[in-house]
Amino acid sequence: LAASLAKRGGGRTTVYFVTNREHKTLVEGPLTSAGVRSIEYLSLPPATPAAPVKPPDEQDAHDQQRILGDERHREECICALEAAFGVVCFHSAGDHSLRRGDELGGALVVINLFALEGWHIAEALGIPVAVASPTVVPYTPPSSFAKRFRRAYPGLYQSLIDREDGTPASWREVEHWLWPVFTERWGRWRSERLGLNEVPFLTGGVTTQRPTQLIYGCSPSVIQVPGYWPDTVQACGSWLPPDDWEPDVRVPARLMQDFFNVSGEARNVGSGGGGVVAITLSTVFDMGLLGGADEAKHIIDIVASALKTCGLRGIFIMSKDSCLEAAWNSLYQDVKKAAKKRKLDDADDACDDETWVGGDGTVQGYVGSIPFQQLFPMCLGALHHGGSGTTAAALRAGIPQIICPCVFDQFFWAERMSWLGVSPAPLKASDLTRSGASMERTLCTAFAFLSRPETQEDARNLQTSVRSEHESVDTAVDVLESVVGVRILRPECSSHNQGVKILELPNGWRVACTSKVEALYLFNEMDAYFRHVSPVADGVIIDVGANIGMFLLAANAWLGRDAGGIPRRARTYLAIEPMGMNAACFTQNVAIHGAAVGVELHRCGMTNEANARKGRMDFTYYPHMPGNSTAYPDEKISLQQSSMKREFLEGAEVFSCPVLTLTALLDQFHPGLEKIDLVKLDVEGAELEVLQGLSDKWWTIITQIVVEVHDVNNRVQTVEMLLRAKCFNTTVELHESGSNAWLVWGSRW
C-alpha cells in the first residue's frame, strides 16, 4: 500500500513508513525504490514471546519493565508522526511557538489494528486516520463490555447508538473494532501526554474526530462481508507483495527431483507418487504458544511419522535461531553433517548450507524466509497456524490447508477455510503436543483430506476467485486517497483536558475530575444534601458552586430511583461554576451520563450587589482540591487546616472571574420563572453574599434551599435567621467534623 501510494501520480503523495526494526531487511529496499520519503524503525519487537510464570517480586519487575517499554514505544510513535507532519500533539494555551503546520494540506495517518497508538495520536494532531488490516479484526469485546460501557457512560452509549456509521462513530463500529480505544490503558496517556479527553468522542473530542475507514486486505470471496458490518468497513482483496520483492530461493536439484518429484508438473498428487506438505508453524513457536524445544521435537517426530504413514513428505519452514531449528538440529544432526559433505562433493548442487538443513526421505528442513508464492505451488497442501498471510498465500496457490490456530484471527481463518471445504476441522494446539497413537491418527485423517480430488478441486476453484481480485491494492489505495483530509486545529483551550481523569465510583458511575480523592469525597457527601430537601421531577434546580456536576448526577439518581429505570430529570437545571477546570469536568460528566437536557452551565461567580458592581473578582484555585477553590483563601485555610493535609492546598493559582448577583442572572436568562423547586449553594465562604444578592421577587418562589455555611463570625446563625425571615422552616447540622462547616436547610413545606 505504501509503495503504491508513493508511486501513484508521479510521486504527488509524500509517504512516510513506520514499522518495527525487525522488518528492516524486508521493507527497506522495495519502499526506497518505490519513492517512500522516509522509513522509521521502532525499537519494540513485533511479537513478544509468552513469559513464563514468575515469583511475585520478579513478576512486578517484569510488569514494570513492560510498562516502561510501552511508554518508550508510544513516545517513538509520537516523535515519528510529529516529524512526518511537522506538527506537535499538544500545545498549551497561548503557546503559539508549537503551532507549526497550520497550513498543512491533505494528510492521513494509516495504522493497523495492532497500532492503536496511531489512532489516538492522529486525533491529537487533528489529522484523519484510516485502518488498513491484512486480517479481519482479531479481537472481540468481552461479553460484559456493552453492559459495563452503558453503566459507566450512559450518555455516550446512547449517543453512539443513535449515530449513523462514521458520524464520527457508531455503536456498530465500537462493537466491530473500536472498543479497545476505550480501555483504561489509554485514558491517562490521552489526558496527560496528548491533551485529549480520557474517553474518545466525549465533548471537545467530537469536533476534532472524523470517521475512521477500516479496509481489510482480505478476499471478499473468502470472508463474504455480512450486512451487519458498519458501512465504514470494506474488504478489498488480499494484499500480496509483488513477486520481485521476494528473494529467489534456489531449491537444490536433488530435492526438486527426489523430494518434490518436480519435473514438468507443479505438484504431484496421488497415493502412488505422494506429495509434499509445507509445514509452517515457526511463528507460533517463536511466540511461545506451542512450547519450547522439547515440544518442537515431539511435533516434528509425530508429523513426520504421520506423513510417512500416509505416503507423503513434508518440508518444515523454521526461523533462524528458533527453538524449532534447535529441535531439528538435535534430531537430524548426523543427517545434516552428511548432507554438508555431499554438497561439498557436488558443485552442481551447491546452495546455502545455512538454509537447507537436511532431513530424511520423509521430511526436509529449511531455515529462513522462503517465498510462499514460490514454495506452495510445488506442494500438495500446507500445515500452518492460520495467519492471514499464510492463509492468503495458500488460497492464491490453490492448495488445501490444515490449520492449527493458537491466537487472534487464526481461529477465524481456521473455521472459515474448513467451511469453504479447503481444510479439515481445525486442529487444537493441545492435539499437536499430546502423545500417543490418537494424535497420529488425527494427523493422518487431516493429511488424507488434502489428497482428496474434491478437496483439490475446491482449492483450485477458490484460487480462481481470489486471483480475479488482481486490483486489490489499487482498490485499497483509492479508498485511502478518498479519506485524506485537511488538518483540524484543536482549540487553544485544549489544555483544559490536561489533568482531567476518569474515576469509577463505588456505584459504578464514571466521572471526569482533576482530583480523584476529592471526587470520591464529593460522591460520599451527596446523601447529606438530601436529608431534609428533595429534588422535584420536571422542576427547577439552581446549583450555585456546581463544581464537577456531582450534585446534578445525585439529583438525577434521586429522581429516577422509583421510576423503574425511566430517567426523570429537572425541567431546568441552572449550574453556576466560575473555575474553568471544574466547568470542563462538569461538561464532560453531562456528556458521559447523557444529562444535557435542560442543563445550563454559567461560567461565573455569584456575589452581592456591591461586589457585582466591580464586574470581576479574584478566585484562588487549588488543583489538588478544586472543589475548595474560593474567593476567600485565608478563611478557607483557617477553616480547613485542622482537617485537611497541607499538600492538598499547595500549588494554588489565582484567576480573575466575572461575577454577578443571582438576581441579575435570573433576570437576564429566566425572567419568566414562576417556581424554583430547589437551590443548592456551596460557594466556599461567599454563601451570605450570594444570598444577599437575591431580591424578594426570587425569594418568594423558592420552595427549598440547602446551603453549606462556614461558621465564621456567627455566619451559620445569620444564614438561619435570614431563611427564617424569608418564611422557611430551617434545620441546621454539622457537615464536616472538625472543619466548622455546616449545612442549613430551608423548606416552605
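When reading the values below, keep in mind they use all heavy atoms of this one structure, side chains included, and skip hydrogens, waters and symmetry mates.
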Can you name the closest pair of heavy atoms from [X] and [Y] and give their distance?
X      : Y      : answer
Trp328 : Gly359 : CZ2-CA, 3.8 Å
Val181 : His120 : O-CE1, 3.6 Å
Phe376 : Ala397 : CB-CB, 3.6 Å
Leu450 : Gln456 : O-NE2, 2.7 Å
Gly368 : Ile317 : O-CG2, 3.9 Å
Ala446 : Pro424 : CB-CG, 4.0 Å

Looking only at atom types and distance, does a side-chain atom of [X] sit under 3.5 Å from a main-chain N or O of [Y], one as donor and one as acceptor?
X      : Y      : result
Thr309 : Ser305 : yes
Ser472 : Ser238 : yes
Thr445 : Arg441 : yes
Ser4   : Leu1   : no
Gln364 : Asp360 : yes
Asp165 : Thr232 : no
Thr167 : Ala169 : no
Glu457 : Pro453 : no

Do the non-hydrogen side-chain atoms of [X] and [Y] ever get within less than 4.5 Å of each other?
X      : Y      : value
Arg396 : Arg467 : yes
Arg416 : Val136 : no
Thr212 : Val131 : yes
Val137 : Tyr216 : yes
Val303 : Phe447 : yes
Val483 : Leu108 : yes
Ile403 : Leu427 : no
Arg21  : Leu42  : no

(request) Could you please spell out the steps behind the side chain to side chain contact (heavy atoms under 4.5 Å, CB included) verdict for Ile299 and Phe285? (result) CA-CA 11 Å; Ile299 288 175; Phe285 269 110; 3.5 Å; yes
Kindly compute the distance separating [atom1] ([X]) from [atom2] ([Y]), expressed to the nearest 0.5 Å.
X      : Y      : atom1 : atom2 : answer
Thr19  : Leu31  : OG1   : CG    : 9.0 Å
His385 : Leu281 : NE2   : CG    : 8.0 Å
Ser388 : Phe412 : OG    : CZ    : 10.5 Å
Thr140 : His176 : OG1   : NE2   : 11.5 Å
Gln234 : Asp478 : CD    : CG    : 9.5 Å
Ile279 : Met318 : CD1   : CE    : 9.5 Å

(message) Tell me every residue that passes salt bridge (Lys or Arg N to Asp or Glu O under 4.0 Å) with Asp474, counting only those two or more places apart in sequence or in another chain.
(response) Arg8
(request) For Glu454, check salt bridge (Lys or Arg N to Asp or Glu O under 4.0 Å) against everything at least two apart and list the hits. (result) none
Please determine, by modelled atom types, if [X] and [Y] share a side-chain donor-acceptor pair under 3.5 angstrom.
X      : Y      : value
Glu164 : Ser170 : no
Glu325 : Ser319 : no
Thr135 : Trp413 : yes
Asn112 : Ser133 : no
Ser423 : Ser418 : no
Glu415 : Trp419 : no

(message) If you count heavy atoms of other groups shown closer than 6.0 angstrom to CZ of Arg148, is the number above 12?
(response) no
(message) Could you walk me through whether Leu5 and Glu481 satisfy the side chain to side chain contact (heavy atoms under 4.5 Å, CB included) test, starting with their C-alpha distance in whole Å, then the side-chain angles of each, then the deciding distance to 0.1 Å, before giving a yes or no?
(response) CA-CA 8 Å; Leu5 277 166; Glu481 287 189 330; 3.9 Å; yes
(request) Tell me, with the steps shown, if Gln401 and Thr391 meet side chain to side chain contact (heavy atoms under 4.5 Å, CB included). (result) CA-CA 8 Å; Gln401 313 169 44; Thr391 303; 3.8 Å; yes
(request) Show your reasoning for whether ring-ring contact (aromatic ring centres under 6.0 Å, His included) applies to Phe182 and Phe149. (result) CA-CA 9 Å; Phe182 292 96; Phe149 191 99; 5.1 Å; yes
(message) Using ring centroids (six-membered ring only for Trp), state whether Phe114 and Phe408 fall under 6.0 Å.
(response) yes
(message) Tyr41 and side-chain hydrogen bond (donor to acceptor under 3.5 Å, both in side chains): which single residue from His23, Lys24, Glu28 fits?
(response) Glu28
(message) Both conditions, 6.0 Å and 45 degrees, for the charged tip of Arg172 above the ring of Trp229: are they met here?
(response) no
(message) Before you tell me yes or no, could you show the steps for Ile370 and Leu375 under side chain to side chain contact (heavy atoms under 4.5 Å, CB included), namely the whole-Å CA-CA distance, both residues' side-chain angles and the distance that decides it to 0.1 Å?
(response) CA-CA 7 Å; Ile370 187 169; Leu375 173 66; 4.1 Å; yes
(request) Just do the side-chain hydrogen bond (donor to acceptor under 3.5 Å, both in side chains) check on Trp179 and Glu175 with the steps written out, would you? (result) CA-CA 6 Å; Trp179 66 270; Glu175 286 193 309; over 6 Å; no
